[in-house]
Every structure is written in C-alpha cells, then in structure tokens.
Amino acid sequence: MNKSDYFIQLNQVTKDYQLGKVIVPALKGVSLGIGLGEFTVIAGPSGSGKTTLLNLIGCVDTATSGQVIVAEKDTARLTEVELTDLRLHTIGFIFQSFNLISVLNVVDNVEFPLLLQKKISKAERKERVLHFVEKVGLQGHLNHRPNELSGGQRQRVAIARALVTQPKIVLADEPTANLDSKTGQTIIDLMKHINETEKTTFLFSTHDHHIIQHARRVIELQDGLITKS
Amino acid sequence: MNPFLLIAARNLVKNRSRTLLLGGAVASVTLLLVVLLGVVAGVRQTLLENALALSSGHVNVGGFYKISQSSASPILTGFQPIKKLVTETVPNATLILERIKAWGKIISEEGAVQIPVWGVDVKREKEILGKLMLAPKRDYIEGFKLAEGQTEFEGGVDQLANRAGIILFATHARKLKVRVGDTVTLSVPTYRNMSNTKDVRVVAVLKDLGMMSAYTAFMNDLDARELYQMQPDTTGQIMIYFRNLSEASDGENKIRKALSERGYPMLDKDPNPFWMKFGRISAESWTGQKIDVTNWEDETSFIKWILDVYNALTFLLTGILMLIVVLGLVNSLWMSIRERTGEIGTLRAIGLQRSKVRLMFVIEAFLLSSSSAAVGVALGTLFNLILNSLHLPIRGEAFQMFLMSHTLTVAVRGQDVFFTFLAITIFLTLGSLYPSSKASKLKPITAMNEAV
Ligand SMILES: Nc1ncnc2c1ncn2[C@@H]1O[C@H](COP(=O)(O)OP(=O)(O)OP(=O)(O)O)[C@@H](O)[C@H]1O
Ligand SMILES: [Mg+2]
C-alpha cells in the first residue's frame with residue numbers, strides 16, 4: 001500500500017503527560033498507517049500507551065510532537081470546532097464503559113449523533129436507527145433506558161451509536177474490558193461481522209489474547225513504542 | 001423533539017427532589033413579587049380614584065392671579081371662554097366642571113388645621129362626590145358607643161347645597177373635636193394680604209381615604225366666592241374627566257397647546273399640587289393671570305413618593321431573594337455538571353460542539369425557571385384575585401394612611417404579571433450562563449476517564 005493511501009497516518013508521534021512536576025512519556029515516537037476497511041487490534045500491556053494512541057487518533061487529545069493525520073487533515077492545525085466536526089462526521093467511538101446518555105432510551109441514544117449531523121431527513125433517520133439497532137440485535141429493547149440493560153446490551157447500543165453515522169473509522173478502547181469473556185467474544189464477532197458487511201474500519205485496543213487471535217492485523221505497543229506492526 | 005430539550009427535561013425529572021426544591025423557591029419568589037406588585041398597583045389605583053374624587057380631574061386647568069408682585073391667588077379669571085375652548089379641544093371628555101380652590105385654616109374651639117378646602121357645587125358634582133362615604137360616628141366622636149335607637153351616621157353630603165356648610169374628613173373632625181352640627185371658622189388669606197373669615201356648620205363627616213383625605217375638605221362654592229370676593233367670571237380650576245385614564249396625557253397636551261396657541265400666558269409645567277406652588281409663584285415678578293395645566297399625577301405628587309418607596313422595597317426584597325435563588329440555581333447546575341462530567345465528555349467526543357453543551361445547560365435552567373415562574377405567576381395572580389375579593393379591612397390609622405384605603409385593594413395587571421414572568425425567567429437563565437460555559441469547557445477526553 002502506498003503511504004498516502006492510509007486513512008490515518010502517524011509520523012514520529014510523542015505524547016508526554018505532566019504529572020505534577022514529573023513528565024510521563026506515554027508515547028515515545030510512534031509511526032504507523034491505517035487504511036480503510038482494516039480490522040486492527042492495538043495490543044500491549046497495561047500502561048504501554050494504547051489509550052493514549054487511540055485518543056490522539058480520535059482527536060480528543062493532541063500530540064506533544066509529531067504528526068497525526070486523519071482523513072488527510074493534520075489534526076494539529078485544526079481548531080476545536082473543526083476537530084469536533086471531524087469527530088462527528090468521520091469517527092465513531094466505542095468506550096470501555098459504554099458511555100451512553102443515561103436519560104435517553106436505546107433509540108434516542110443511537111439517533112443522537114444523526115441529530116447533531118443534521119444531514120438526513122427524519123424518515124431516513126428512523127430507518128437508519130432501526131437498521132443498526134437490529135444489526136446489534138436490540139430490536140426488542142427500543143424503549144429501554146441504559147440502566148434497564150445488561151453490560152453486553154449497553155455495549156451493543158454503543159456500537160449502534162458509533163455506526164449509525166456510517167463513519168469512516170470506528171475507534172474502541174478496550175470495548176470488552178467490562179464484559180465477561182463470552183459476551184466480549186460476541187461483541188468482537190459483531191464488530192467483525194460489521195467490518196465485513198459494511199466495510200467499516202475498526203481500530204481497537206485490548207489485552208485479551210482470545211480477541212487478538214481474531215484480528216487481521218495486530219499492532220503491538222510496549223512502553224510507548226511499537227514493537228510489531 | 002429537540003434532543004437538547006429532551007435531555008434537559010429528562011435530567012430535571014431525574015433529579016426530582018433538587019428540581020422541586022429549586023423550582024419551589026423560584027415559584028415562591030415569583031409569587032411574592034406578583035403579590036407585592038399587585039398591592040402596589042392596588043394602592044396606585046386607589047390613589048387615582050381618591051385623587052379623582054377629591055382634588056383633581058384627569059386633567060386640570062387652573063392658575064394663579066397676581067394682583068401685586070408678592071401675592072398669589074389660586075384662581076382662574078375669565079374662565080368661561082377657557083372652558084369653552086377646552087370643551088372644543090377635548091370632545092372625548094366625559095365630564096368638565098369647575099371648582100374653587102381655597103387654602104385656609106379651619107378653626108374650632110379645640111384646634112385648627114390648615115388644608116386645601118374645595119368650593120364645590122354639590123348638584124353639579126353628584127357623580128364625583130357621590131362616591132364618598134360617610135364616616136360612622138365612632139370614627140370621629142371620642143368614646144362613642146352606638147346606643148339603642150341611634151343611627152350610626154349623621155349628616156349628608158347633599159346638605160352642602162345650602163350655604164355656610166362644610167364637609168370634613170374624619171381625621172380632621174377628630175383633630176378639631178367636632179361633629180355634624182358643630183360650627184367651625186374658616187379663614188382664608190385673600191389677595192389683599194388679609195384674611196377673610198366665615199363661620200360654617202359641619203354638614204357631613206367622611207370616611208378617611210388614606211393620606212389624600214388629610215389634604216381635603218369641601219365647602220359650598222358660593223361661600224368660597226364670598227370669602228375670596230370673586231367675580232362671577234372667576235373660578236379655581238376647570239377639571240376634565242375622561243372615560244379612560246389612557247386618554248389623559250394626550251388630552252393634557254392638546255389643552256396645553258390649544259391654550260398657548262390662543263395666546264393665554266402659561267406657567268411652565270410644574271408637577272406639584274397647587275398648594276405647593278404659592279411660595280414660588282408669589283416670589284416671581286410678573287403680575288396678572290397665568291394658566292397652569294396639570295394632571296392627576298401632578299396633583300398627587302406629594303403622595304407619589306410612597307409608591308416609589310413601595311416599588312423600591314419590592315425590588316430590594318425580591319432582588320435579594322432572587323440573588324439567593326440564582327445562587328441556588330448555579331449551585332444546582334454545578335452539581336448537575338459535576339455528576340454528568342463523563343456524559344458531557346462523551347457528548348463532546350462523539351461530536352457535540354462546545355456551544356451546544358452550553359446551550360444544553362442553559363435550556364435546562366430556562367425550563368426550570370420558566371416553568372417555576374409560570375407556576376409562581378399563576379398562584380400569585382390567583383392569590384391576588386382572592387385577596388382582592390375578600391375586601392380585607394385595613395386596621396390602624398398608619399396602615400390606612402399609607403395604603404390609601406380602609407380596605408385592601410390588590411390590582412391584578414397583565415403587564416405586572418408578564419413583567420414578573422419575563423424578569424424572573426431572564427434573570428435566572430442569565431445566571432445559568434456562567435456554570436453552563438464552564439461545562440462547555442470540559443474536555444472530551446474526560447469521557448474516557450469517567451465511567452458512566
Ligand atoms: N492523564 C494522565 N496523566 C499522567 N499520566 C498518564 C495519563 N494518562 C496516561 N498516563 C500515563 O501514560 C502511560 C500510558 O497510559 P495509557 O493509558 O495510554 O496506557 P494503556 O496502554 O491504555 O493502559 P491500560 O491497558 O491499563 O489501559 C502510562 O504510564 C500512564 O500512567
Ligand atoms: Mg487504556
């Protein structure tokens with residue numbers, strides 16, 4: 001693959017955290033590229049920098065040095081408003097602890113990003129929401145609020161919410177960490193299925209060996225550096 | 001439904017006890033403001049009614065005549081053509097009549113009071129004076145107890161049709177220790193810088209009307225003419241009444257314009273009752289007649305400060321309470337924001353702009369304050385209507401004096417209600433801007449750190 005074909009590209013990226021007077025280097029010069037349609041796992045021990053890396057790619061944090069390019073845009077040059085727009089239109093997020101809006105039911109949670117986008121009509125929106133709610137198998141729980149769902153079901157809602165805008169890439173930081181291994185496996189199977197049917201790019205972190213075995217590509221992090229890509 | 005509205009509304013419902021507590025506080029302050037404004041408006045309305053019954057039309061054409069540089073008489077010479085001109089200028093006036101203004105001393109064996117005494121033609125003023133009520137004897141006769149076969153009232157307003165009579169308010173009757181049938185001496189300074197006197201009989205004692213009645217008594221206009229040695233073409237002032245208060249200011253301007261176009265010498269506008277102008281006028285160097293056009297507010301301006309004090313107190317009190325409520329709201333929003341940090345971060349991460357986060361919390365504050373204010377306004381209005389229909393008697397002379405009435409009158413005015421609702425809603429919503437914009441500055445990365 002040609003270098004410029006990568007949808008996401010990192011060049012010599014470092015990230016330091018300031019912890020009081022101590023500077024903690026979390027990433028020490030990471031370069032990598034991710035193309036569209038990939039199903040990639042970021043693996044590595046705790047503290048190796050997986051979350052930090054995903055945050056930079058997801059435009060919710062900025063690098064200390066180096067370049068993070070998402071959809072041909074150098075994220076360091078974007079304003080807060082532009083970054084927010086990039087997150088809204090290009091990236092889908094799945095969080096470790098689901099992060100649903102507690103006062104909204106399944107349908108409203110999934111519909112929310114579409115309402116922010118304001119791109120499609122009400123009828124289309126309803127149809128799209130239903131499509132993805134069915135895809136994650138929650139058609140029987142349309143009006144349930146998050147606290148009326150199990151952990152696995154909540155993460156399915158989160159997946160539907162991340163997918164509903166049909167983003168170019170879905171980022172997931174340890175999406176199965178708060179689930180039992182069987183449920184975690186079905187979630188990974190679901191993401192893989194969606195990757196195959198909808199051609200959505202997935203990039204997620206985990207340290208679960210079962211899951212790593214299913215990935216097509218594994219990026220290994222160790223102490224802020226890539227050891228295998 | 002707008003998603004922000006939905007989230008805001010659902011969060012208010014979710015934090016039910018906090019919402020009810022705060023909403024209750026907002027509603028209570030709103031209610032208080034509506035009631036206080038209603039009472040002040042009621043006093044104002046009573047003041048207007050009293051003024052119109054006692055000493056002023058909606059608009060008055062009066063003036064001063066100076067026979068020498070140092071004198072000043074509150075009279076209008078050659079009034080007939082002026083009255084004709086006024087009648088033509090404001091055809092919408094419902095009643096135009098003239099009265100003689102006297103400023104003099106009423107003297108009894110027990111004391112004296114110095115007040116304006118109006119020379120009136122009772123027959124012509126049936127409509128106006130008919131509104132006044134006789135005072136029960138116990139109001140002005142010391143230690144009076146109604147015995148078997150006695151009546152509670154004595155005298156009558158229409159007896160002033162006879163010469164040599166005077167009508168007093170209870171407050172003066174008490175001070176002078178007189179009752180109906182007693183004789184008092186009237187003494188008025190004339191423009192010869194001397195005083196003319198006349199003995200008159202008390203024909204009626206009227207129920208006090210708050211502070212206004214402390215500045216009013218009535219006598220027969222022919223007696224007043226005699227005291228002032230007035231020519232037939234002379235009167236005190238022409239009083240003009242309209243159907244609606246709203247016609248007054250336009251009418252006043254028209255009359256002023258018509259008179260000055262006709263070449264009548266006019267006094268500059270001085271928003272005070274005539275009896276407060278003697279000093280100034282008698283110090284001026286001109287002589288002859290000048291015309292003074294005033295309205296009911298000018299004639300009651302010596303009382304209006306009370307309304308200003310009421311308004312100031314109302315706003316001070318509600319202002320302090322509002323400040324407390326705003327602090328409560330800000331605090332409550334803070335708690336809400338703290339609890340929802342992860343949620344806000346999540347929304348920011350999935351693409352909600354900062355400005356929309358702010359909007360979300362402002363909407364929450366707006367929903368809470370507008371609905372609570374609406375409840376407060378509704379309850380306050382209901383309370384006012386009930387209060388007004390009860391005709392609660394006001395006990396105590398001081399209260400009667402300052403509330404201008406012997407029963408509590410509460411006016412329910414749409415504009416007050418609307419103003420209160422708007423003021424409270426806007427004030428609180430503005431108060432929410434600070435915590436809301438703090439919330440909007442939360443970083444999307446907090447979504448990753450806070451579990452939801
Ligand atoms: N906000 C922060 N402030 C200071 N140091 C931080 C912060 N976030 C992460 N770090 C440090 O940066 C390094 C990388 O952290 P990161 O969270 O990216 O690791 P991770 O691979 O996601 O770990 P885990 O598997 O436990 O989630 C760690 O040493 C961590 O202590
Ligand atoms: Mg992590």
Side-chain angles (χ1 to χ4, degrees), chain A residues 17 50-52 54-56 58-62 79-105 107-118 125 145-147 154 158 161-162 164-165 167 170-174 177-178 205, chain B residues 1-19 332-333 335-361 363-365 367-368 436-452:
Chain A
Y17 289 110
K50 303 183 294 294
T51 299
T52 305
L54 279 172
N55 286 348
L56 295 182
C59 304
V60 294
D61 206 357
T62 48
T79 64
E80 178 62 41
V81 171
E82 288 166 336
L83 285 172
T84 307
D85 260 336
L86 188 65
R87 292 198 297 269
L88 175 61
H89 294 287
T90 322
I91 303 168
F93 285 92
I94 298 168
F95 304 89
Q96 184 177 322
S97 32
F98 325 132
N99 294 26
L100 299 174
I101 310 302
S102 59
V103 294
L104 298 184
N105 64 22
V107 170
D108 292 334
N109 259 293
V110 175
E111 191 182 16
F112 195 79
L114 289 178
L115 289 170
L116 294 185
Q117 280 194 337
K118 294 184 188 148
R125 219 162 57 219
R145 299 253 184 115
N147 61 358
R154 288 185 209 187
R161 178 178 68 182
V164 78
T165 57
V170 173
L171 303 178
D173 190 14
E174 307 201 38
N178 283 341
S205 71
Chain B
M1 192 162 157
N2 178 301
F4 304 123
L5 209 62
L6 189 68
I7 292 178
R10 291 259 176 89
N11 272 305
L12 285 175
V13 174
K14 189 178 164 195
N15 300 317
R16 211 165 290 123
S17 50
R18 201 192 294 160
T19 303
S332 160
L333 274 183
M335 283 165 71
S336 195
I337 288 162
R338 282 257 280 284
E339 283 161 16
R340 283 151 68 188
T341 315
E343 194 166 297
I344 296 162
T346 305
L347 292 171
R348 291 281 290 117
I350 66 176
L352 186 70
Q353 293 287 2
R354 270 185 183 171
S355 56
K356 292 290 166 59
V357 174
R358 195 183 316 127
L359 179 70
M360 205 165 76
F361 283 97
I363 286 179
E364 192 169 319
L367 276 184
L368 177 65
S436 301
S437 57
K438 279 266 173 178
S440 75
K441 298 212 170 78
L442 280 173
K443 295 205 163 64
I445 198 161
T446 51
M448 283 66 182
N449 305 332
E450 309 253 344
V452 176

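Bear in mind the structure is a predicted one, so any value in this text is a computation, not a measurement.
Interface residue A:Leu116: only side-chain heavy atoms are found under 4.5 Å from chain B. In this structure, no portion of B:Arg340 lies under 4.5 Å from any heavy atom of chain A. Neither the backbone nor the side chain of A:Asn178 has a heavy atom closer than 4.5 Å to any heavy atom of chain B.
Of all the listed residues (A:Leu54, A:Val103, A:Asp85), the one sharing the greatest number of non-hydrogen pairs under 4.5 Å with chain B is A:Val103.
The main-chain N or O of B:Lys443 is never found under 3.5 Å from a side-chain atom of B:Arg348 such that the two would form a donor-acceptor pair. Not a single donor-acceptor pair under 3.5 Å links the side chain of B:Arg358 to the backbone N or O of B:Ser437.
The closest side-chain heavy-atom distance from A:Tyr17 to A:Asp61 is below 4.5 Å.
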Problem set entry | Worked check of side-chain contact (heavy atoms from CB on, under 4.5 Å) between A:Ile91 and A:Leu171 | CA-CA 7 Å; A:Ile91 303 168; A:Leu171 303 178; 3.9 Å; yes

